[in-house]
Visitor: 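This is the structure, below, for whatever I ask next.
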Number of protein chains: 2
Amino acid sequence: MSRLDTKQRILDAAEQLFARDGFHRTSLRAITSKAKVNLAAVNYHFGSKKALLEAVFERRLLPLNRTRKERLEEVLQNARKRGVRPEVRDIMRAFIEPTFRFRESEPGAQDFIKLIGRSIVTPDSTAKTVLLRFMKPILKTLSEALTEALPELPKDVLLWRLYFSIGALAHTMHLDKRFQFEPLNLKAETDVKSLTNMLITFVTAGMEAS
Amino acid sequence: MSRLDTKQRILDAAEQLFARDGFHRTSLRAITSKAKVNLAAVNYHFGSKKALLEAVFERRLLPLNRTRKERLEEVLQNARKRGVRPEVRDIMRAFIEPTFRFRESEPGAQDFIKLIGRSIVTPDSTAKTVLLRFMKPILKTLSEALTEALPELPKDVLLWRLYFSIGALAHTMHLDKRFQFEPLNLKAETDVKSLTNMLITFVTAGMEAS
DNA sequence: CTTTAATTCAAACAAATGTTTTAATTAAAC
DNA sequence: GTTTAATTAAAACATTTGTTTGAATTAAAG
């Protein structure tokens, strides 16, 4: 068993189980059983359960946020070239679309998106603390882009609206092929393109509300 | 120690700790320690940890949902009397405002609102399952009211927008005097009236987006 | 091939957890 | 006051959990 293989298998299993059951409710024995490795391998390769969580985040979030940042900068540059304000819709799309694209790229990515969504909205938890550390730079970039798009909007109102948007996005990330929001008969069968567009329409309208 | 006192103390402690740490991460020993009762009292009075959770929800959610339902029906009746469609804003206010009003009524209520917010957005967990059972009727009423307000909107789009709104509301429920969303420098010091209005404005615009 | 380093293995450790059990205490009924 | 019912208390049970330990195995280096 190669070193890279063991680590990958642990990361894959952890990603899946953290997403499904949360950080605290996922035991290391469940992860190692799923990964078919020995329990002590977690400590050997990652040091601790928390460090494993950080590794899970880092593996996927750095590239995802890089994509988001590139998309955002593209929107801003295009607007500056044309001497106009960036469009809120383009900004929100730049942030949201890579999320859904990424989710569709492979099964593990779907679990990861679920884990992010879950971690954003869980107060005071280890996962959230770790996640926000990774998210802080991109959220800063996002709020600055929105300030350019909506310069007359009071800063606190803008940030609150962004906060609501993040809540809506995070909530949407929970859905997958197996999960449905039963009270509203919502199923995740909706194709991802129209779901993305619906969400972008919703948050754009909310950001621009007068 | 009277019977009502013990039960209340357990419920109060459970409410607070479930909100802070979640259902699974809160041990019965933590609850009973906080409530200053014996561990076996939980089993004696409630039967199981899960039944305690249900009792926590039931205690607060039934009156809260009753208020919401009354408010919704009032909006609908007023509109029907005037022979017009109900306003989306009025509908969302009828659903959201009692939540914030309730949160401000006492410290325990704030914990409870946090617990709801937390439970709505946690996939596949005991708390969510229990909560949605209580929420199903009011969500049905809400979606019906919105259908009256937005009769031309395709039903699935309406339901998705409602789902996004619930995500935004749930995310907002996490904030309290101690908690802030650090990446955006958001603090819960914003007065509740303007926060309520900001959220209602946001989701109303999102629901009405064209 | 031998030596060193890396990795895996299995057991152990100390602590935590929900539920159950039995005895003791308290409260209510008469 | 006595009897019955309700409630609390403390211990036990069986299981689970993250971390650690030392030995065994495998891989890499020379």
Visitor: Quick one: on DNA chain C, does A/Arg29 or A/Asn38 contact a more 5' nucleotide (nearest heavy atom)?
Guide: A/Asn38
Visitor: Can you tell me the distance, in whole Å, between the CZ atom of B/Phe46 and the P atom of D/dT8?
Guide: 11 Å
Visitor: Just wondering, do A/Phe46 and A/Lys7 contact through their side chains at under 4.5 Å, heavy atoms?
Guide: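 A/Lys7 reaches A/Phe46 side chain to side chain.
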Visitor: To the nearest 0.5 Å, tell me how far B/Arg9 CZ sits from B/Lys36 NZ.
Guide: 7.5 Å
Visitor: Rounded to whole Å, how long is the line connecting atom NZ of A/Lys36 with atom P of C/dA10?
Guide: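 The answer, rounded to whole Å, is 15 Å.
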Visitor: Which of these nucleotides, D/dT8, C/dT8, D/dT19, is closest to any side-chain atom of A/Leu28?
Guide: D/dT19
Visitor: Taking CG from A/Leu17 and P from D/dG18, how many angstroms apart are they, rounded to a whole number?
Guide: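 Going from CG in A/Leu17 over to P in D/dG18 covers 12 Å.
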Visitor: Rounded to whole angstroms, how far apart are NZ on B/Lys7 and P on D/dA6?
Guide: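 Nearest whole value for this atom pair: 14 Å.
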Visitor: Closest approach to the side chain of B/Lys49, judged atom by atom: which nucleotide of C/dG18, C/dC9, C/dT8 is it?
Guide: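 Nearest nucleotide to the side chain: C/dG18.
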Visitor: Measuring only between side-chain heavy atoms, which start at C-beta, is A/His24 closer than 4.5 Å to B/His24?
Guide: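 No, every pair of side-chain atoms sits at 4.5 Å or beyond.
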Visitor: Between C1' on C/dA6 and CG on A/Asp5, what's the gap in Å once rounded to a whole number?
Guide: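 It is 16 Å, rounded to the nearest whole Å.
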Visitor: What integer distance in Å separates A/Ile31:CD1 from D/dT16:C1'?
Guide: 14 Å
Visitor: With rounding to the nearest 0.5 angstrom, report the CG to CD1 distance, A/Asn197 to A/Ile96.
Guide: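 Result: 10.0 Å between the selected atoms.
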Visitor: D/dT16 C1' sits how many Å from B/Arg25 CZ, rounded?
Guide: 16 Å
Visitor: For A/Leu39 and B/Leu39, take the nucleotide of DNA chain D holding the closest heavy atom to each; which residue's nucleotide lies nearer the 5' end?
Guide: B/Leu39
Visitor: Here's a test of your reading of the structure: between A/Asn43 and A/Ala30, which maps to the more 5' nucleotide of DNA chain D?
Guide: A/Ala30
Visitor: Among C/dT19, D/dT21, C/dT8, which nucleotide sits nearest the side chain of B/Ser48?
Guide: C/dT19
Visitor: Atom OH of A/Tyr44 to atom P of C/dA6: distance rounded to whole Å?
Guide: 6 Å
Visitor: For a quick test of reading the model: is some side-chain N or O of B/His24 closer than 4.0 Å to OP1 or OP2 of C/dG18?
Guide: no
Visitor: Look at the aromatic rings of B/Phe112 and B/Phe102 and report parallel, tilted or perpendicular, splitting at 30° and 60°.
Guide: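 Because their plane-to-plane angle is over 60°, the rings of B/Phe112 and B/Phe102 count as perpendicular.
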Visitor: Check every strand shown and say whether B/Thr32 touches a base, only sugar-phosphate, or nothing at a heavy-atom separation below 4.0 Å.
Guide: nothing
Visitor: May I ask you to evaluate whether B/Ser27 reaches the phosphate of C/dA16, defined as a side-chain N or O under 4.0 Å from OP1 or OP2?
Guide: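 Indeed not, no polar side-chain atom of B/Ser27 lies that close.
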